[in-house]
Peer 1: 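Sharing a structure below in structure tokens format, with a few things to ask.
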Amino acid sequence: MENNNGSLVFTMPRIGEKAPEFKAVTTQGDINFPEQLAGSWVILFSHPADFTPVCTSEFITFAFLEEKFMKANCMLVGLSIDGIYSHIAWLRTIKEKIEYKGMKNVEVNFPLIEDITMEIATKYGMIQPGESSTKAVRAVFVIDPKGIIRTIIYYPLSLGRNFDELYRVVIALQTADNFSVATPADWQPGDDVIISPAGSCSAAKERMEGKDDLVCQDWFFCSKKLDKDKVLKSIIKD
Ligand code: BEZ
């Protein structure tokens, strides 16, 4: 998109906004995004290019973990600025020839979007010209079942993503929704959760009087126990 001065403007979706809509061709057929995936959590992620090593390691890892994400009601959708035949050839090569950290014969069953025109990548702020104007950076959008963007993470071309962290994000967001809590630094299921700060003087006073099951170190810093099984039972569908 150009502004009045004729210079390029790159749009960036934001947390809390509706995920931009698009229709596209993927390795699993056409997709109408995000409408078609309503009711599921979605990780929409971009990678710089097919047939590149870091991307290959990421695809093997994501494909290996797909079932785990699906059990948490989370679908995976990939994208790069390559054509559908390149995508197909690359995914076939991954299955037939490439092993990463003991994972081999890995079939990528989640959709991989072709975006040769860069229309979708541009819409989602995946093109960051300081890094590359022809390749998408490694963007991650976590979108909730109502189609709202809940988390955005960007990595540069040289840095492969941490998939334990992406899974933690999906579980932590659902925990926040299911139990009306927040999750502190490095939180994992079974760790204490945070209660949102008191919004009035009387609520602050009550908290410091030791009400309910809260542990308050100060009026604004209150946590409570949340059982790991309770968290996982609310999310994981076997
Ligand atoms: C890679 O996936 O290996 C890669 C892609 C683009 C630039 C650098 C590395």
Side-chain angles (χ1 to χ4, degrees), residues 1 8-13 19-20 22 24-29 31 33 37 41-70 74-143 149 151-170:
M1 195 197 310
L8 282 179
V9 176
F10 293 91
T11 55
M12 308 272 287
F22 61 84
V25 172
T26 87
T27 49
Q28 302 290 326
I31 195 167
F33 193 94
L37 301 171
W41 288 79
V42 180
I43 293 184
L44 172 67
F45 69 100
S46 57
H47 70 276
D50 297 344
F51 294 101
T52 50
V54 177
C55 299
T56 299
S57 70
E58 291 192 313
F59 263 68
I60 291 175
T61 310
F62 238 156
F64 193 77
L65 294 174
E66 187 189 6
E67 201 180 324
K68 184 172 169 177
F69 278 91
M70 280 174 72
C74 182
M75 314 293 284
L76 309 177
V77 181
L79 174 148
S80 79
I81 300 161
D82 289 287
I84 196 73
Y85 299 121
S86 166
H87 283 346
I88 293 168
W90 180 45
L91 299 187
R92 286 175 63 88
T93 306
I94 286 177
K95 179 165 163 50
E96 286 162 14
K97 294 200 181 136
I98 312 290
E99 175 173 350
Y100 177 67
K101 289 195 169 174
M103 295 175 275
K104 56 182 179 183
N105 301 321
V106 175
E107 191 154 343
V108 175
N109 292 316
F110 56 80
L112 174 52
I113 295 167
E114 81 157 8
D115 189 28
I116 314 177
T117 61
M118 300 209 261
E119 198 182 321
I120 304 164
T122 304
K123 217 178 224 186
Y124 270 84
M126 293 164 171
I127 307 295
Q128 308 211 349
E131 185 74 346
S132 170
S133 49
T134 55
K135 292 178 171 60
V137 294
R138 299 180 199 283
V140 180
F141 291 86
V142 185
I143 298 163
I149 297 173
T151 298
I152 303 173
I153 311 174
Y154 287 105
Y155 295 72
L157 303 186
S158 64
L159 177 59
R161 285 162 270 222
N162 181 312
F163 291 87
D164 290 337
E165 172 62 359
L166 300 187
Y167 186 72
R168 191 188 78 96
V169 167
V170 170

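Residues: numbered from 1 along the sequence shown. Counting starts at 1 for both ligands and their atoms, in listed order. We use all heavy atoms of the structure for the numbers below, so side chains are in, but hydrogens, waters and symmetry mates are not.
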Peer 1: Tell me whether the centres of the aromatic rings in Phe110 and Phe59 are closer together than 6.0 Å.
Peer 2: yes

Peer 1: For Pro53, is the nearest heavy atom under 4.0 Å from an atom of ligand 1?
Peer 2: yes

Peer 1: Taking all non-hydrogen atoms of both residues into account, name the closest pair between Glu131 and Val137 and its distance.
Peer 2: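 Looking at all heavy atoms of both residues, the closest pair is CG-CG1, 3.8 Å.
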
Peer 1: Tell me if the CD atom of Glu67 is crowded by more than 12 foreign heavy atoms within 6.0 Å.
Peer 2: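 No, the 6.0 Å shell around CD holds no more than 12 heavy atoms from other groups.
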
Peer 1: Going by the order shown, which atoms of ligand 1 are within less than 4.0 Å of some heavy atom of Thr52?
Peer 2: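 By the 4.0 Å cutoff, the relevant atoms are 1 (C), 2 (O), 3 (O), 4 (C), 5 (C).
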
Peer 1: Would you indicate which of Val137, Val54, Leu159, Thr56 comes nearest to atom 3 (O) of ligand 1 when only heavy atoms are counted?
Peer 2: Val54

Peer 1: What do you reckon, are the aromatic ring centroids of Phe45 and Phe62 less than 6.0 Å apart?
Peer 2: yes

Peer 1: Classify the ring geometry between Trp90 and Phe51 as parallel (under 30°), tilted (30 to 60°) or perpendicular (over 60°).
Peer 2: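 Trp90 vs Phe51 ring planes: tilted.
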
Peer 1: What do we get for Pro48 next to ligand 1 when only non-hydrogen atoms under 4.0 Å count, side chain, backbone, both or neither?
Peer 2: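 Answer for Pro48: side chain.
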
Peer 1: I need the minimum non-hydrogen distance between Pro20 and Ile149, along with the two atoms involved.
Peer 2: CD-CD1, 4.1 Å

Peer 1: Below 4.0 Å from any atom of ligand 1, is there a heavy atom belonging to Arg138?
Peer 2: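 Yes.
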
Peer 1: Short list, please: which atoms of ligand 1 are under 4.0 Å from a heavy atom of Leu157?
Peer 2: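 Result: 7 (C), 9 (C).
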
Peer 1: At under 4.0 Å between heavy atoms, which part of Glu58 makes contact with ligand 1: side chain, backbone, both or neither?
Peer 2: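 No part of Glu58 is near ligand 1 at this cut-off.
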
Peer 1: Should you measure from each heavy atom of Cys55, which atoms of ligand 1 turn up under 4.0 Å away?
Peer 2: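 Per the distance check, 1 (C), 2 (O).
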
